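Just so it is clear, the model here is predicted, and its values are computed rather than measured. Basis for what follows: all heavy atoms, side chains included, without hydrogens, waters or symmetry-related copies.
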Amino acid sequence: MTASAPRSQPADIPAQYDPATTERDLYAQWLRAGVFTARPERTTRGGGDAVPFTIMMPPPNVTAILHVGHGLNNTVQDVLTRWRRMAGDETLWLPGTDHAGIATQNVIEKQLAAEGKTRYDLGREAFVARTEEFVRTTGGAILDQLKAIGASCDWTRTRYTLSPEMSLAVREAFVRLYDDGLIYRGHRVIHWCSRCLTSLSDEEAEHEDEDGKLYQIMYSLADDPSQGLTVATTRPETMLGDVALAVNPDDDRYKALVGRMVTLPIADIAIPIIADEYADPAFGTGVVKITPAHDPNDFEVGVRHKLPMPVIMTPEGTMGEGADASGRVPAHLRGVDRFAARAMIVESLRESGSLVRVQPHKHAVRHCYRCDTVVEPRLSDQWFVRMKPLAAPALDAVRSGRTRILPERHEAVYINWLEGIRDWNISRQLWWGHRVPVFYCGNCKWQAALRTDPAGCPKCGGNVRQDDDVLDTWFSSWLWPISTLGWPNEQSRDLKTFFPGDVLVTAPEILFFWVARMIMSGFRFMGDAPFHTVYLHGTARDTQHRKMSKSLGNGIDPLDVVAKYGADALRWTIVSGLGMGADAIFDPADLEKTFAPGRNFATKLWNIARFLLTAAGDDAVAPIESIDQGRLTRADRWILSRLEVAIAECDAALGPPRPTASRWAEGERRAGMRLNEYAESARRFVWNELADWYVEASKARLQGSGPDRDVARAVLVHAFDQALRLLHPIVPFITEALWQRLPGHVDGEFVARAAWPVRRGVGDEPTGFELVRDVIVRIRQLRSDFAIAPGKPVTVHVSRTLDGDRDGERQRASDSLDAVLSEESSTIERLARATLSWGPVANGAPNAKAAIMGGATIAMLLEGAVDVERERSKYAKELAELERQLGALEKRLASPGFTGKAKPEVVESERAKLGEWTAKREHLAVLVQSLGGA
RNA sequence: GGGCGAAUAGCUCAGUUGGUUAGAGCGCCUGUCUUACACACAGGAAGUCGGGGGUUCGAAUCCCUCUUCGCCCACCA
């Protein structure tokens, strides 16, 4: 089956839908037609009339392979992009990959380890070359995988964070911030990963609660070893770097000791007792050891008191003498791993009697976010970005409504983080990444950040060398919304057209890593936020709510799902289960249970189309606008009005695509992005309304030959066409496959760029078809209740039990009921498998059964004996329950609190409810009586 | 140690500012291969909305409290 084949016969549609070949073929068609390619010239910013709509894909790591998290993230983006594309926007969904400094370097280092080598065996240049080669040949595979799930990205604009263009942007940003004094060299304690051999930012060093130990150690006074102070520490090995003991200046216990010296055990050197507010008298013994080079707080104390700062560990995490540490690390500890050293030190303290006690202690220990190694605080020189000035506009953006974050609760988290923001350590002692563009003269003191590499020192002509460090991966990511569009070239057409963008879709984990920083860079370099909406979706988890991960083995391979059930099934499951901000739960042990509903839905659509093509043929179909209103049946008017409702619901669930003004107004700020509600509305329309009722009710007309057939065809094709459009963003493949088969389809047209449904403003009033449905359902219930064999014909005698009533409203209801029943009798008879017969049924007839609807009562006489008492008691129970609720309702409405405070529309709807229930009570009473009520 | 979220049918979840008799999918029960569809159709059972208290004419929805999970943030050695 190829889409280019002629499709004049309905027989062209196979009985079975085959996602695999269809999806591949359709994706190729879309690409060939350039459906996903953004055209700046069509936009309002480029001289056209389309509003631009931009989404930047969070670039997956270049070495990543697709997992459900990506599937989730990109499906959401695709739904939004396809929706806006159909709605007439000029959409740009820009894809790309991230060079992922530490992560990628780790991959290559693992390869080297398998070969028995380290990166140092290769040297920097060869290592980078090898990594580049790896990325070039096997990297970016994930982008192809995204095509398999239908991602409608503009692949002509694919970007990579370590490409030359991105380097240009990174360098420009660095130089500007450096020249503005916002990037500086800092000498302080940072998080150090002794496995990756690099510093980490605060965000990259993640807390993990651990059961540790609190060691209390006695430091004796240098001039009187019989006295001493007890200090508590969780990391005894750092004591070799102690330069003082601190007590609180107001702590009466120790006031007298301030200024005296103690002997540092093991290292056997004298250090002073100092007074500092940092020591908390209430914690432990109130005495804290000060290790400036290995603890950020101690560092601050060290600075205040101008203390030495000896480094007593190597970068690799073994004990060793670094700067200022000579004589501190005993020979037998040098080269010993820090944790082994801890045990050895504790043991020798125990032997010497210095170990006062050891108690269990729960505390949070920071770990490297890439390799999970315990991070070591370590004094070193790093590059930092001064964040306060950058944070201010980003803070204001969310406060003022320029950018909203959904779900709303994340806004408080964002604001809280930005208010307490600390400077960002951006240098990494890695080889894979953008190199810090700072140059130093080997001769004079000259140093500068430069856009291009200098030939020599501009001051003295001496040799220059570039800083060895590379930049944090996020230093390129934070420029993503602008660098991908051509910044720093501000004349770039894409930048002028597609910045600022619209929506950012990502997981909450990287709100700080990435989202906040992108907003900052947007303001800093372009003077505006890069998007007006941040949509944070949940995490993919298994049924035990554990995060899906490779190490747990509880993941689901999206491509596996695509192969088994089709991409649409995967997408359907994701979207229909996507509550605002809620985690998405999938069962990796039961793919069938998880994804079959999506497949089943696609199959349903397929079969509706098969019916449509068989019954309606594919001769030309009149446009719905050309059908004279008077020729529409109740079913026609009903399904058209249901379509109006469905469109309205989908639009409401998706919400406004952008703020109406330059900022989100309170009323719209939290609206929309309810993808699950959108999916449900569309599904209900096409399945429960169009397929279950309209198609069934219209079969006779469609299979007949009268002029009415054309009316039914027009309505059916219109309704299904619109349904396919509503569903296309969620299930793009099946809808495209079917839409192209609809009668009247013109070759080369795609539902992917067909117009999004718009309400026509017709069919608001009740159509009477609701009554038809009620009658059919009631008769079906009777058949089922009385176990009447499906094949057995049954006659239903219809009469109005309240016929004598001349009250106007009720009379009208009865008259309208009569009209509906007689005019629609053939439909009712067919769908309910019953014969309708008019005429009064004697009250109390032994086999009478009745149904209530629309303000009138009909009685039905079923052939064969029925259990009248059972019926009577059933209705009597219903009546009793109704009376109870009616009583409560009446009481509620009569209370002064209600009439005084409730909104007018609520009062009105509650009054209407009261009337409805009252009428129903009357009907039920008649019914119970007619069934021989006791 | 702070902050936030969740708890609704057997399972996974909706339920937008308090206002029809709380919904969907899956599962379950009973029928049906009714000429688009058994990946379907028709009918049905099933929830004291985590416990307790409060506000209100009215609470799954707001307030307090308790229990159980989860997430984020955090320099108490």
Please report, rounded to the nearest Å, how far the [atom2] atom of [N] is from the [atom1] atom of [X].
X      : N     : atom1 : atom2 : value
A:L782 : B:A42 : CG    : C1'   : 13 Å
A:D692 : B:U34 : CG    : C1'   : 14 Å
A:R783 : B:U34 : CZ    : C1'   : 11 Å
A:W417 : B:C73 : CH2   : C1'   : 12 Å
A:D280 : B:G1  : CG    : P     : 15 Å
A:R409 : B:C71 : CZ    : P     : 13 Å
A:N425 : B:C75 : CG    : P     : 15 Å
A:W664 : B:U16 : CH2   : P     : 20 Å

Watson-Crick or G-U wobble partner of [N], both distances under 3.5 Å:
N     : result
B:C41 : B:G31
B:G58 : none
B:C69 : B:G5
B:A24 : B:U12

**Request:** Please tell me which of A:G577 and A:A596 maps to the more 5' nucleotide of RNA chain B, matching each residue to the nucleotide holding its nearest heavy atom.
**Result:** A:G577

**Complete:** Walking RNA chain B from its 5' end, the first of A:L578 and A:E696 to be reached, judged by nearest nucleotide, is A:L578

Hey, is [X] close enough to [Y] for a salt bridge, meaning N to O under 4.0 Å?
X      : Y      : value
A:R773 : A:E696 : no
A:R541 : A:D583 : yes
A:R683 : A:E680 : yes

Should [X] be listed as having a side-chain N or O under 4.0 Å from OP1 or OP2 of [N]?
X      : N     : answer
A:Q781 : B:G44 : yes
A:R366 : B:C75 : yes
A:H361 : B:C76 : no
A:H207 : B:C75 : yes
A:K604 : B:C41 : yes
A:W606 : B:A40 : no
A:K913 : B:U21 : yes
A:N600 : B:A40 : yes

Determine the interatomic distance between [atom1] on [N] and the same-named atom on [M]; round to the nearest Å.
N     : M     : atom1 : answer
B:G18 : B:C63 : P     : 11 Å
B:U48 : B:G1  : C1'   : 38 Å
B:A46 : B:G10 : C1'   : 9 Å
B:U68 : B:U55 : P     : 28 Å
B:C64 : B:U12 : C1'   : 31 Å
B:G58 : B:U20 : P     : 15 Å
B:A9  : B:G52 : P     : 16 Å
B:C28 : B:C11 : P     : 15 Å

Closest approach to the side chain of [X], judged atom by atom: which nucleotide of [options] is it?
X      : options             : answer
A:V413 : B:G19, B:C39, B:C72 : B:C72
A:N676 : B:A14, B:G43, B:A40 : B:A14
A:R892 : B:G58, B:C72, B:U21 : B:G58
A:R422 : B:G19, B:A40, B:C75 : B:C75
A:Q16  : B:C11, B:A74, B:C39 : B:C39
A:E677 : B:G15, B:C57, B:G43 : B:G15
A:V906 : B:A42, B:G19, B:C11 : B:G19
A:R683 : B:C75, B:G25, B:A42 : B:G25
A:Q703 : B:C75, B:C39, B:A36 : B:A36
A:K699 : B:C39, B:G43, B:A36 : B:A36

How is [X] classified with respect to the nucleic acid when contacts are heavy atoms under 4.0 Å: base, sugar-phosphate, or nothing?
X      : answer
A:A364 : base
A:P597 : sugar-phosphate
A:W572 : nothing
A:T603 : base
A:F512 : sugar-phosphate
A:A671 : nothing
A:V907 : nothing

**Prompt:** So, A:N676 and A:S576: side-chain donor and acceptor under 3.5 Å apart, yes or no?
**Reply:** no

**Request:** Taking atom types as modelled, find out whether A:Y369 and A:E204 have a side-chain donor-acceptor pair closer than 3.5 angstrom.
**Result:** yes

**Asked** Within a radius of less than 6.0 Å around NZ of A:K213, do more than 12 heavy atoms belonging to other residues, nucleotides or ligands occur?
**Response** no

**Prompt:** Does CD in A:E908 sit with more than 12 non-hydrogen atoms of other residues, nucleotides or ligands closer than 6.0 Å?
**Reply:** no

**Asked** Between A:W572 and A:G598, which heavy-atom pair has the shortest distance, and what is it?
**Response** CD1-CA, 3.4 Å

**Item:** Closest approach of A:H305 to A:A275 (non-hydrogen atoms, all atoms of both residues)
**Value:** CE1-O, 3.2 Å

**Request:** Return yes if some donor-acceptor pair links the side-chain N/O of A:R253 with the main-chain N/O of A:P281 below 3.5 Å, else return no.
**Result:** yes

Show me the protein contacts with nucleotides 29-32 of chain B, counting only N or O atoms at under 3.5 Å.
none

**Request:** Quick one: do A:F720 and A:L724 satisfy side-chain contact (heavy atoms from CB on, under 4.5 Å)? Show the steps, please.
**Result:** CA-CA 6 Å; A:F720 191 54; A:L724 291 176; 3.8 Å; yes

**Request:** Apply side-chain contact (heavy atoms from CB on, under 4.5 Å) to the pair A:R921 and A:E883, showing each step before the final yes or no.
**Result:** CA-CA 7 Å; A:R921 176 176 59 184; A:E883 274 174 345; 3.5 Å; yes

**Asked** Below 3.5 Å, does any donor atom in the side chain of A:R599 face an acceptor in the base of B:C39, or the other way round?
**Response** yes

